[in-house]
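Notes follow the structure.
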2 protein chains.
Amino acid sequence: MTKKVDNENIISRQGYRNTKSRAAVVEILENAEIPLSAEDIYLRMKESGRSASLSTVYRILELMENNRLVERTSVNNNKAMFTLVRSGHKHHLICTSCHKMVALGGCPLKGLESDISRETQFDITGHRLEVYGICPECRKR
Amino acid sequence: MTKKVDNENIISRQGYRNTKSRAAVVEILENAEIPLSAEDIYLRMKESGRSASLSTVYRILELMENNRLVERTSVNNNKAMFTLVRSGHKHHLICTSCHKMVALGGCPLKGLESDISRETQFDITGHRLEVYGICPECRKR
DNA sequence: GTAGATGCAAATTTTTTGCATTTAG
DNA sequence: CTAAATGCAAAAAATTTGCATCTAC
């Protein structure tokens with residue numbers, strides 16, 4: 001598991017400075033199995049004694065997004081959620097009642113992108129998939 | 001094409017009043033092949049002489065969402081986009097450069113929801129899929 | 001030392017809400 | 001007539017920006 005080092009390198013490799021805040025954002029996203037909002041990240045940084053301002057968090061996320069290190073997802077009503085781009089990308093199942101997220105195995109889009117590219121003439125760069133439902137706990141209520 | 005009547009009925013059928021603003025929102029969403037933001041809808045209502053306040057548009061969309069007449073998608077940076085729920089649901093291909101949207105045929109999730117349900121014990125209620133890429137026009141530049 | 005990163009406060013943008021007024025049923 | 005819908009203005013929530021200060025390189 002040298003992911004952490006890899007990601008820090010990705011930031012510095014692109015000519016950006018490897019600051020504590022950036023390392024913290026990368027590490028927090030790495031250890032999150034589910035998408036996080038900017039505020040989630042901000043709070044986790046604070047808790048772990050690596051406080052940065054919320055605007056810094058937004059700026060780091062913007063930088064990472066531009067460099068394809070994170071993807072922006074929207075889930076919890078009008079709040080942007082961010083996920084680290086990993087080699088094996090994931091999709092999530094979200095309970096519409098309690099907002100719990102569960103990672104799904106596999107990607108049903110695999111192999112389909114080339115078909116879409118041929119049909120539409122677009123260069124396909126990625127996709128976002130979320131599945132919604134009611135989790136067993138919420139159903140019981 | 002009696003979609004319009006159908007949708008108006010859906011609103012009134014649920015015990016809600018069939019107002020001009022509501023009919024206008026339904027009609028505008030019907031004629032849109034792509035997701036629209038609340039403001040898009042607000043502007044189209046104004047253009048077509050059926051002005052309503054932006055807050056009314058938001059309230060109508062909220063009502064429709066709660067009654068599963070529209071789905072909320074987020075695409076254009078931090079702006080909620082709304083799509084009318086139709087029997088044959090659609091997914092979209094979005095140019096990350098100019099934000100153009102193109103509807104895709106077919107749904108690769110068809111049939112997959114029952115597998116996910118079995119594996120996770122969730123009741124699956126829906127999903128959202130967006131594919132990203134660069135359109136031919138933007139690629140040329 | 002210097003360009004780039006950060007913090008803070010203020011500005012913008014998007015969405016929601018309170019309340020008086022209007023309207024569909 | 002009456003509950004529900006709307007408009008308006010103000011509030012709240014989320015994100016971005018300007019500028020002075022700090023820090024990685």
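In what follows, chains carry the letters A, B, and so on, assigned in the order in which the sequence lines appear, proteins first and then strands, with residues in each chain numbered from 1.
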Short side-chain N/O contact to C/dT6 OP1/OP2 from A/T56, under 4.0 Å:
no
Under 4.0 Å between a side-chain N/O of B/S21 and OP1 or OP2 of D/dT6, yes or no?
yes
Please report the distance, rounded to the nearest Å, between [atom1] in [X] and [atom2] in [N].
{"X": "B/K79", "N": "C/dT16", "atom1": "NZ", "atom2": "C1'", "result": "17 Å"}
{"X": "A/L63", "N": "D/dA24", "atom1": "CG", "atom2": "P", "result": "16 Å"}
{"X": "A/Y58", "N": "C/dA11", "atom1": "OH", "atom2": "C1'", "result": "15 Å"}
{"X": "B/L54", "N": "C/dT12", "atom1": "CG", "atom2": "P", "result": "18 Å"}
{"X": "B/R50", "N": "D/dT6", "atom1": "CZ", "atom2": "P", "result": "14 Å"}
{"X": "A/L61", "N": "D/dA14", "atom1": "CG", "atom2": "C1'", "result": "13 Å"}
{"X": "A/K46", "N": "C/dG7", "atom1": "NZ", "atom2": "P", "result": "12 Å"}
{"X": "B/N67", "N": "D/dA4", "atom1": "CG", "atom2": "C1'", "result": "15 Å"}

If a pair satisfies salt bridge (charged side-chain N to carboxylate O under 4.0 Å, His left out) and one of its residues is in residues 41-56 of chain B, list it, with sequence neighbours excluded.
B/E27-B/R50
With no hydrogens and no angle check, do the side chains of B/T19 and B/S21 hold a donor and an acceptor under 3.5 Å apart?
no
Do A/R17 and A/R22 make a side-chain contact, defined as non-hydrogen atoms from C-beta onward lying under 4.5 Å apart?
yes
NA contact type, A/A38, heavy-atom cut-off 4.0 Å: base, sugar-phosphate, or nothing?
nothing
Under 4.0 angstrom, heavy atoms only, what part of the nucleic acid is B/S55 near: base, sugar-phosphate, or nothing?
base
Which parts of nucleotides 19-25 of chain C does protein reach within less than 4.0 Å, heavy atoms only, written one letter per nucleotide 5' to 3' as B for base, S for sugar-phosphate only and - for none?
----BBS
Short side-chain to backbone donor-acceptor contact, [X] and [Y], under 3.5 Å:
{"X": "A/R139", "Y": "B/Q121", "result": "yes"}
{"X": "B/S37", "Y": "B/A80", "result": "no"}
{"X": "A/T83", "Y": "A/P35", "result": "no"}
{"X": "B/R68", "Y": "B/V85", "result": "no"}

